[in-house]
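Each remark here refers to the structure printed beneath this line.
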Amino acid sequence: MIVRTRFAPSPTGYLHIGGVRTALFCWLFARRNGGQFVLRIDDTDQQRNVEAALKPILEGLRWLGIDWDEGPEVGGKFEPYYQSQRADRHRAAAARLVAAGQAYRDYAKTEEVQAEREAAEKAKQQFVYSRRWMAETPEDCARFESEGRQAVVRLKMPREGKLVIPDLIRGDVEFDWAREQDHVVQRADGSCLYHLASVVDDHDMEISHVIRAEEHLSNTPRQIFIAQGLGYELPQYAHLPFVAEPGSKVKLSKRKLDKYLKNKDFAQLVQHGQKIAEAVGLTVDMDTFNPVIVDFYEQVGYLPGAIVNYLALLGWSLDDKTEHFGIPQLVEAFSLERVNKAPASFDPKKLMAFQERHMLEVPAEEKVGLVLPYLEKAGLVPRGDETATIKVRRIVEAAGDRIKVAGDILDYADFFKPDNELSYDEKAFEKRIRKAEDAADLLKKLREVLAGAEAFDAASLDRLVHGFVEAEGINIGQIIHAIRVAATGKAVGFGMFDTLAILGKESCLARIDRALAMV
RNA sequence: GGCCCCGUCGUCUAGCCAGGUCAGGACACAGGCCUUUCAAGCCUGCAGCACGGGUUCAAAUCCCGUCGGGGUCACCA
């Protein structure tokens, strides 16, 4: 049997991190087993601008490297891949269900069923639809229609017996048919509901494994009933635990950002992203710029491989030690048997740890490519400027692992600012230059030493400054902090000699002069 | 509330099916080392089998119950 899995998002305009995890597991399973991964769009007739709402979803998946063998933009032998365009097949299936006696035309009004439901609730009894407006013969139909009623199609669900769903992750899950309702599968206007459509499409597209989030487990009995009524062979089911809120077991939701912001780590993740986004002129609309949505990570400069690695480990593990995976290794190692049952909460800190780990493996040259767009968008570097690229390369190398996400390059924005526009951190200036003993005098002397320097590379500067320190009989700490603040305006940064070398003699002197003038 | 799912350090997890080495790893946290700051790195530490009964020589592991958390109960997807 050929393994075929599918991810079926509805075009909401954004890609939810939990959705990605589901897509990833579907994709990994298909890839691992030499099968196919299908992307189907579960849109509805009501939805407008499907194309626009779909775009971020497709882009997000592609960015992460989750490619689909069939679906939007790539086509496939089971076209169309938009549920709304398959309505005819859904209607035909509904009709077959009715013809087979597995479903019936029901002329009840919504309020009438609702009244029955409420009555049962009031009596603290399980609601069972009376089927009072069920029409099983043409005569019934005619009679109800003469009353001006319209029919929906309801499933004629069994009212006794048990159903066992074999779930690849949860084992056998047992349900009582009697707990199920006569669910509506087709509206009076002929349009069909999700559960019917989904079952029909999965069958038509020859989906072998339905891998989806746990919230669908409770819906599975009715889907099985539909599939059996239609004479389909059942797919294998696997219900994934969902991705939960930080520090909780509640399903992660895009809408509860305010709540998550109270979580220290989550807030930090957002702030870090915001700082970068603002510097490059992105609108930080919380509706889209939100760590629950995948776009966030792309915009801030995370590595797709790091996101995938982290997400894969959220609910799946290979063994007791392996955590670092590239995508090919994940494909190689993935199995549904090792998927956890319990929900896993989203941990911003751990995500960042994976990001750092993956960033370590990016060669400097490649990193320059990742980082450059941020400097360009922030207006610090002109597009396609060769000289600037060389400088960026030197900064990237000197900064090393300090650049955790591509946008972190903006921490070094001061390297690109004109010397007279450099702003000084007031606290650092106070502590390291104004208050530090002899700092200003030493700085003045060192300035002259630097001015006379013949070579301005890091190694030469290292020798030069150490020579100066020795001659003055001081500790290097007594001068180096002062130079740092004078040259960069900040108290922290990467290696001092690298910093001076990258800045160049002219800038260094200009900045020191400026600092001295401010004492 | 009914039904279903789940329950190992703060978090992600290994171990459970085939009971038996101080319950292992990672992130985070704390302390230390290194060091011109920061970051990284290295070392050390802190911290968990939800609870209660069984079964057994022996239970995180098997059985029963309790509690807790979550999901789902639409003419939404």
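Throughout, protein chains are lettered first and strands after them, A, B, ... in sequence-line order, and every chain is numbered starting at 1.
- The side chain of D347(A) sits closest to U11(B) out of U72(B), U36(B), U11(B).
- Using cut-offs of 30° and 60° for the angle between ring planes, the Y302(A) and Y297(A) rings count as perpendicular.
- Of the side-chain N and O atoms in S10(A), none sit less than 4.0 angstrom from OP1 or OP2 of C76(B).
- For the P atoms, the distance linking A14(B) with C62(B) amounts to 15 Å, nearest Å.
- In this structure, K162(A) forms no cation-pi arrangement with F175(A), as its terminal cationic atom is not both closer than 6.0 Å to the ring centre and no more than 45° off the ring axis.
- Between the side chain of R432(A) and the base of U37(B) there is no donor-acceptor pair of N/O atoms closer than 3.5 Å.
- Across G71(A) and Y81(A), no two heavy atoms sit closer than the pair CA-CG, 3.5 Å.
- Here the two rings, on F334(A) and F25(A), have centers that are under 6.0 Å apart.
- Nucleotides U61(B) and C49(B), compared at atom C1', are 10 Å apart to the nearest Å.
- Between I476(A) and H466(A), the shortest heavy-atom contact is CD1-NE2, 3.3 Å.
- Contact annotation: K427(A) does not reach the phosphate of U37(B) (side-chain N/O to OP1 or OP2, under 4.0 Å).
- Listed pair N340(A) / C12(B) fails the phosphate criterion, with no side-chain N or O lying under 4.0 Å from OP1 or OP2.
- Remark: the D106(A) side chain and the Y129(A) side chain contain an N/O donor-acceptor pair separated by less than 3.5 Å.
- Spacing between U55(B) and C63(B) at atom C1', rounded to whole Å, works out to 7 Å.
- Remark: S218(A) is not in phosphate contact with C73(B), judged by side-chain N or O atoms under 4.0 Å from OP1 or OP2.
- Distance alone, capped at 3.5 Å, is enough to place a donor-acceptor pair between the R170(A) side chain and the H239(A) backbone.
- Mapping R338(A) and F242(A) onto RNA chain B by nearest heavy atom places R338(A) closer to the 5' end of the strand.
- Near RNA chain B, defined here as any heavy-atom distance below 4.0 Å, the residues from residues 160-174 of chain A are R170(A), V173(A), E174(A), listed numerically.
- Atom P of nucleotide U36(B) and atom CG of L464(A) are separated by 17 Å, given to the nearest angstrom.
- A donor-acceptor pair is defined here as one N or O able to donate and one able to accept, closer than 3.5 Å; no such pair exists between the side chain of S345(A) and the backbone of P246(A).
- One can place CD of Q186(A) at 17 Å from C1' of A74(B), the figure rounded to the nearest angstrom.
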### Residue pair E397(A), D498(A): steps toward the side-chain contact (heavy atoms from CB on, under 4.5 Å) verdict
CA-CA 10 Å; E397(A) 283 176 349; D498(A) 284 325; over 6 Å; no
Would you be so kind as to tabulate the donor-acceptor pairs closer than 3.5 Å made by side chains of residues 467-474 of chain A, with sequence neighbours excluded?
from	atom 1	to	atom 2	distance (Å)
E472(A)	OE1	K445(A)	NZ	3.2

Please write out each protein N/O paired with an N/O of nucleotides 20-25 of chain B under 3.5 Å, distance rounded to 0.1 Å.
from	atom 1	to	atom 2	distance (Å)
G24(B)	N2	D320(A)	O	3.3

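- Minimum heavy-atom separation, Y310(A) to D347(A): OH-N, 2.7 Å.
- Remark: D204(A) does not engage R40(A) in a salt bridge, criterion side-chain N to carboxylate O under 4.0 Å.
- Residues D408(A) and D411(A) meet the side-chain proximity criterion, which asks for heavy atoms closer than 4.5 Å.
- Nucleotides U8(B) and A50(B) are separated by 10 Å at their C1' atoms, to the nearest Å.
- Applying the Watson-Crick and G-U wobble criteria (two distances, each under 3.5 Å), U21(B) pairs with nothing in any strand.
- Of the candidates C75(B), U36(B), U11(B), the closest approach to any side-chain atom of R117(A) belongs to C75(B).
- For the segment residues 195-202 of chain A, residues with any heavy atom less than 4.0 angstrom from an atom of RNA chain B are, sorted by number, H195(A).
- Distances shown here put a side-chain N or O of R187(A) below 4.0 Å from the OP1 or OP2 atom of C76(B).
- For W133(A) and Y104(A), the ring centers sit 6.0 Å or farther from each other.
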Pick out the pairs of N or O atoms, protein on one side and nucleotides 62-67 of chain B on the other, that lie under 3.5 Å.
none

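- Taken residue by residue, residues 393-404 of chain A places heavy atoms nearer than 4.0 Å to RNA chain B at D401(A), R402(A), K404(A).
- Comparing the P positions of A23(B) and C51(B) gives an interatomic distance of 15 Å, to the nearest angstrom.
- Taking atom P in both G71(B) and C64(B), one finds a spacing of 26 Å when rounded to whole Å.
- Among C12(B), G70(B), A77(B), the nucleotide with an atom closest to any side-chain atom of E214(A) is G70(B).
- If you take atom C1' in C9(B) and the same atom in C5(B), they sit 24 Å apart, rounded to whole Å.
- If you check C73(B) for Watson-Crick or wobble pairing at under 3.5 angstrom, you find it paired to G1(B).
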